[in-house]
Amino acid sequence: MLTQFQWLHSELSNVCKSLLRAKQLHVWLLKTHLSQDPFYATQIIRLYAINNDISSAHHVFDKTPTRSVYLWNSMIRAFAKTRRFGNAISLFRTMLESDIRPDNYTYACVIRACADNFDFGMLRLVHGSAVSAGLGLDPICCSALVSAYSKLGLVHEACRVFDGIAEPDSVLWNSLISAYVCSGMWDIGIQMFSSMRLSGKKPDGFTLAGLLVGIADSSLLSIGQGLHGLSQKSGLDFDSHVGSLLVSMYSRCKCMDSAYRVFCSIFNPDLVTWSALIAGYSQCGEYHKALIIFWKLNMEGKKPDSVLIASVLASIAQTANVGPGCEIHGYVLRHGLESDVKVSSALIDMYSKCGFLHLATCVFRIMPERNIISYNSVILALGLHGCASKAFVIFDEILEEGLVPDEATFSALLGACCHAGLVKDGREIFQRMKDEFNIKARPEHYVYMVKLLGTAGELEEAYNLTQSLPEPVDKAILGALLSCCDSYGNSELAETIAHQIFKTNPTDNVYRVMLSNIYAGDGRWDDVKKLRDKLTGGLKKMPGVSRIEGSYY
DNA sequence: GACAACCACG
């Protein structure tokens, strides 16, 4: 039989998400007067933080008279993990003024918080403070520093920290490899991997994980396959992290057969691995397979989490078939997932892409918590359905809420203007994006602007806008203008634009076909022939398919 | 208690 203490320890080590359970344990500890014991207080803070009840966690911290380093660290970590970076830093400052000295774990946690908050200035300060506390060469601090600098894109700083260590341990090697790979320098990451092996350190699951995320697309497939072989040789393919990363890696390489094979070889795959497979099918455009895997997951009695639901909803949105979407919505309501901001944003997008704007706005209105992504989803939905003025009302709501619009917000607004033909509003919001919100226009913003002006017949202004950009101008921007020239039958401008595109994209036949169609519209058949003769093989148009599924009104 | 995975808007 379990003793009370064995029971307590097993309950505390259980990381299961349940605020109720955390509260029950807290009450039990209060009754037995154990709650003031720094160890138990630390555990309760951790449980509250996992369940996002930061005020209860802070209350426990306040009420504990003897504060160990452990206790301070757990409270700072609780703030940092719930993205309350300001609180984490100010508690760290209070700790520095107290008679308890921060240890290497405190610094590692604060360093990570600075990186998560993209606060370079604070990271420098904390780094300096760690050095003066004599922890400049501590392996735990250094691995946190290497990861933090690389997250901020400062891979050379990360390298400097690494170079300062005479005998790096595996964790530090893994952090450096990850740093290079995450910064897009996967070849240096591979070199570091060789150096690690030469130095006698055995690669582990983390090493492989760091390398696998660098296999961004099918051009690196053979390296990915090599890493897969290596993981099999060292028996690391049984590691659940490595398994899920192999599935994602093959998905990114569009090798869904291999991804599925890896998935099948994993004994009892976890939710992350299921998610990786579903997202993989979805990203490869195999939405129906994604749904089949989702139903299979349900048949096995597994409980999908919010991340998995969000990726399935994204798949459904692409199939534009609201039926399964409604089923998932039912599941969401039955399992109390509707308050999750990821799930709700995905529901808004799904309903809007399936044609049900009113359901999308209903979901939005009853959301208890909204972030910029949920606002962007609803602006996109309104824009897609031609309700541009309502989209602008939502934009004002963002500002009233004190949220900061991002690139995607303006993309959605410009898209809404395009759909509704609101040239004046489009011009205005494009200007405000740059002047008021300091957001540099990205190619997609220019595409919308060119489309907006071009569709309204302002071809000259649209052309001037494209020519104000530095060379080479993105082909999508010029392509948008080319298609407007087609609508207005302006074959002269079309010719100029098309040749500008051909200069940088000599093999892109799509634009030759577009220009040839414009010539044809003008009756310039000789030019059509000249252009068509230049076309190389492989020009096949996928026939369109439409289908009507059952009605869900 | 430090280093790693799946995810919603474009």
Side-chain angles (χ1 to χ4, degrees), chain A residues 42-43 46 69-74 76-77 81 103-109 111-112 138-148 150-151 168-179 181-182 204-213 239-249 251 269-280 282-283 304-315 317 340-350 352-353 371-381 383-384 405-415 442-445 447-448:
Chain A
T42 307
Q43 297 294 323
R46 187 179 59 90
V69 183
Y70 231 69
L71 190 80
W72 282 94
N73 290 358
S74 64
I76 295 175
R77 185 169 298 111
K81 290 242 166 172
D103 66 1
N104 48 356
Y105 287 107
T106 325
Y107 278 103
C109 176
I111 287 165
R112 195 193 148 111
D138 177 83
I140 288 168
C141 272
C142 286
S143 62
L145 280 168
V146 168
S147 303
S150 82
K151 184 162 187 184
D169 62 2
S170 314
V171 176
L172 202 56
W173 274 111
N174 292 347
S175 303
L176 186 74
I177 291 171
S178 257
V181 171
C182 291
D204 59 10
F206 288 96
T207 324
L208 270 168
L211 288 167
L212 280 170
V213 290
D239 180 305
S240 66
H241 282 148
V242 173
S244 73
L245 282 166
L246 283 169
V247 172
S248 316
M249 182 273 289
S251 302
D270 61 8
L271 275 183
V272 175
T273 314
W274 282 91
S275 291
L277 186 70
I278 292 173
S282 180
Q283 278 147 19
D305 63 356
S306 59
V307 170
L308 204 149
I309 295 282
S311 36
V312 174
L313 284 169
S315 251
D340 187 285
V341 66
K342 289 188 285 295
V343 170
S344 295
S345 306
L347 276 171
I348 295 171
D349 190 50
M350 183 277 293
S352 120
K353 295 212 169 110
N371 64 10
I372 192 64
I373 296 184
S374 17
Y375 276 101
N376 291 350
S377 306
V378 82
I379 292 182
L380 203 70
L384 202 65
D406 63 7
E407 290 169 354
T409 316
F410 292 101
S411 237
L413 283 170
L414 287 170
R442 292 179 50 84
E444 68 259 27
H445 298 122
V447 169
Y448 281 128

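Keep in mind the model is a prediction, meaning the values are calculated, not measured. Each chain gets a letter, A, B and so on, in the order the sequences are listed, and its residues count up from 1.
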Once you apply a heavy-atom cut-off of 4.0 Å, does [X] come out as touching a base, just sugar-phosphate, or nothing?
X: A/Ala310; value: sugar-phosphate
X: A/Arg442; value: nothing
X: A/Asp138; value: nothing
X: A/Ala412; value: nothing
X: A/Val341; value: base
X: A/Asn104; value: nothing
X: A/Asn174; value: base
X: A/Lys353; value: sugar-phosphate
X: A/Tyr375; value: nothing
X: A/Ser345; value: base
X: A/Asp103; value: base

Residue [X], side-chain atoms from C-beta onward, closest of [options]:
X: A/Asn73; options: B/dA5, B/dG10, B/dG1; answer: B/dG1
X: A/Ser275; options: B/dG1, B/dC6, B/dA2; answer: B/dC6
X: A/Ala108; options: B/dA2, B/dG10, B/dC6; answer: B/dA2
X: A/Ala276; options: B/dG10, B/dA8, B/dC6; answer: B/dC6
X: A/Ser147; options: B/dC3, B/dA8, B/dG10; answer: B/dC3
X: A/Ser175; options: B/dA8, B/dC3, B/dG1; answer: B/dC3
X: A/Ala279; options: B/dC7, B/dC3, B/dC9; answer: B/dC7
X: A/Val307; options: B/dC7, B/dA5, B/dA8; answer: B/dC7

In this structure, how many angstroms lie between the [atom2] atom of [N] and the [atom1] atom of [X], rounded?
X: A/His445; N: B/dC9; atom1: NE2; atom2: C1'; answer: 12 Å
X: A/Glu444; N: B/dG10; atom1: CD; atom2: C1'; answer: 6 Å
X: A/Tyr70; N: B/dG1; atom1: OH; atom2: P; answer: 6 Å
X: A/Trp72; N: B/dG1; atom1: CH2; atom2: P; answer: 21 Å
X: A/Trp173; N: B/dC3; atom1: CH2; atom2: P; answer: 20 Å
X: A/Leu277; N: B/dC7; atom1: CG; atom2: P; answer: 12 Å
X: A/Ile140; N: B/dC3; atom1: CD1; atom2: C1'; answer: 10 Å
X: A/Leu71; N: B/dG1; atom1: CG; atom2: P; answer: 15 Å

Are side-chain N/O atoms of A/Thr273 and A/Asp270 paired as donor and acceptor at under 3.5 Å?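 There is such a pair (donor and acceptor under 3.5 Å, judged by atom type) between the side chains of A/Thr273 and A/Asp270.
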
Does one side chain, of A/Ser175 or A/Ser143, offer a donor that lies under 3.5 Å from an acceptor on the other?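 No donor-acceptor contact under 3.5 Å links the two side chains.
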
Is any side-chain N or O of A/Gln283 closer than 4.0 Å to OP1 or OP2 of B/dC7?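 For B/dC7, OP1 or OP2 has a side-chain N or O of A/Gln283 closer than 4.0 Å.
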
Less than 4.0 angstrom between a side-chain N/O of A/Lys151 and OP1 or OP2 of B/dC3, yes or no?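 No, no such contact exists.
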
Under 3.5 Å, is there a donor-acceptor pair between the side chain of A/His445 and the main chain of A/Leu414?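 No, A/His445 side chain to A/Leu414 backbone: no donor-acceptor pair under 3.5 Å.
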
Between A/Asn73 (side chain) and A/Ile76 (backbone), is there a donor-acceptor pair under 3.5 Å?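 It does not hold such a pair.
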
Any side-chain heavy atom of A/Val341 sitting closer than 4.5 Å to one from A/Ile373?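 The answer is no; the side chains never approach within 4.5 Å.
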
Within-4.5 Å side-chain heavy-atom neighbours: A/Leu384 and A/Leu380: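 No, too far: nothing below the 4.5 Å cut-off.
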
No-H, no-angle donor-acceptor pair, A/Asn376 side chain to B/dA8 base, under 3.5 Å: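 No, no donor-acceptor pair under 3.5 Å.
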
Just to verify, which of A/Asp349, A/Leu347, A/Leu308 counts as forming a side chain to side chain contact (heavy atoms under 4.5 Å, CB included) with A/Leu313?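 Testing A/Leu313 for a side chain to side chain contact (heavy atoms under 4.5 Å, CB included) against A/Asp349, A/Leu347, A/Leu308 leaves exactly one candidate, A/Leu347.
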
Are the ring of A/Trp274 and the six-membered base ring of B/dC6 within the stacking cut-offs of under 5.5 Å and under 30°?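 The ring of A/Trp274 is not stacked on B/dC6.
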
